[in-house]
Amino acid sequence: VVHIDNERIMWVNTETKDFESYELPQDERWAYASVAYVKEIIKSAQLVIPDGIGVELGFKILGKYNVRRIAGIDFAKSMIKKYSENGLPIALIGAKREVLNLACDNLKKEFENLNIVYKCDGFFENEEIVENELKNSAAQLVLVALGSPKQEEFIYKIKNEMPNTLFIGVGGSFDVWSNCVKRAHS
């Protein structure tokens, strides 16, 4: 078992009960604390999608799992389709305002019953206001395009306050859906 806090790393061998502790130099403390926090965020995710050939190859090399890559942009689009078919409320958060608006326009053209109840560009200054507006929107699907790890942290902070909502970190998907950026090869 490894424990990382702001000041030290501690190892405990659960079989032998051996214990070691290493005090972190002042300039390394923030980095280790950040790593621990990111690990906590990832572990709290209900679903982690193997988006990228590197993940697929890594699992193959480890010989642990037969994992097939799932492009996050495709997964998000399939959720938009499902939610729009049922008229369920959707929110989009992230990207530049112009990109966000173009992405919303293009998605509305593609999905006739798309019900976007909230949108906010990624350059907001007061996260609490955005969180309150999002909660009041009653969105059941929230697509967050703030880049990693900011989008994961945003989702981590709010997901327990909206337990019936599916949150998906979508990276640069809004840029693609707006036609401002070409999609990477699949």
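Side chains are part of it too, since the values below use all heavy atoms of this structure and drop only hydrogens, waters and symmetry mates.
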Is there side-chain contact between Leu166 and Met79, with heavy atoms separated by less than 4.5 Å? yes

Under 3.5 Å, which donor-acceptor pairs link side chains of residues 116-126 to any protein atom two or more places apart or in another chain?
residue : atom : partner : partner atom : Å
Tyr118  : OH   : Glu133  : OE1          : 2.7
Lys119  : NZ   : Asn101  : OD1          : 2.8
Asp121  : OD1  : Phe123  : N            : 2.8
Asp121  : OD2  : Arg97   : NE           : 3.4
Asp121  : OD2  : Arg97   : NH2          : 3.0
Asn126  : OD1  : Glu128  : N            : 3.0
Asn126  : OD1  : Ile129  : N            : 3.2

Would you say that Leu114 contacts Ile80 through its side chain, given a criterion of any heavy-atom pair below 4.5 Å between the two side chains? yes

Pairwise side-chain contact, Phe174 with Ser178, heavy-atom cut-off 4.5 Å (strictly under): no

Strictly by salt bridge (Lys or Arg N to Asp or Glu O under 4.0 Å), give each pair with a member in residues 153-169 just once, sequence neighbours left out. Glu127-Lys157, Lys135-Glu161, Glu153-Lys157

Quick one: ring-ring contact (aromatic ring centres under 6.0 Å, His included) pairs with a partner in residues 72-110, sequence neighbours left out? none

Applying ring-ring contact (aromatic ring centres under 6.0 Å, His included), can you list everything that pairs with Phe154, at least two apart in sequence or on another chain? none

Considering residues at least two apart in sequence or located in another chain, which fulfil the side-chain contact (heavy atoms from CB on, under 4.5 Å) criterion with Thr165? Val142, Met162, Phe167

Suppose we screen for salt bridge (charged side-chain N to carboxylate O under 4.0 Å, His left out). Which residues come up paired with Asp175, at least two apart in sequence or across chains? none

Only counting residues at least two apart or in another chain, list the ones meeting salt bridge (charged side-chain N to carboxylate O under 4.0 Å, His left out) with Glu98. none

Contact between Asn115 and Ile90 at the side-chain level, heavy atoms closer than 4.5 Å - yes or no? no

Which residue pairs satisfy the salt bridge (Lys or Arg N to Asp or Glu O under 4.0 Å) criterion with at least one member in residues 108-117, sequence neighbours excluded? Lys77-Glu110

Would you say the side chain of Cys104 lies within less than 4.5 Å of the side chain of Leu92, judging by non-hydrogen atoms? yes

Who are the side chain to side chain donor-acceptor pair (under 3.5 Å) partners of Glu152, not counting sequence neighbours? Ser148

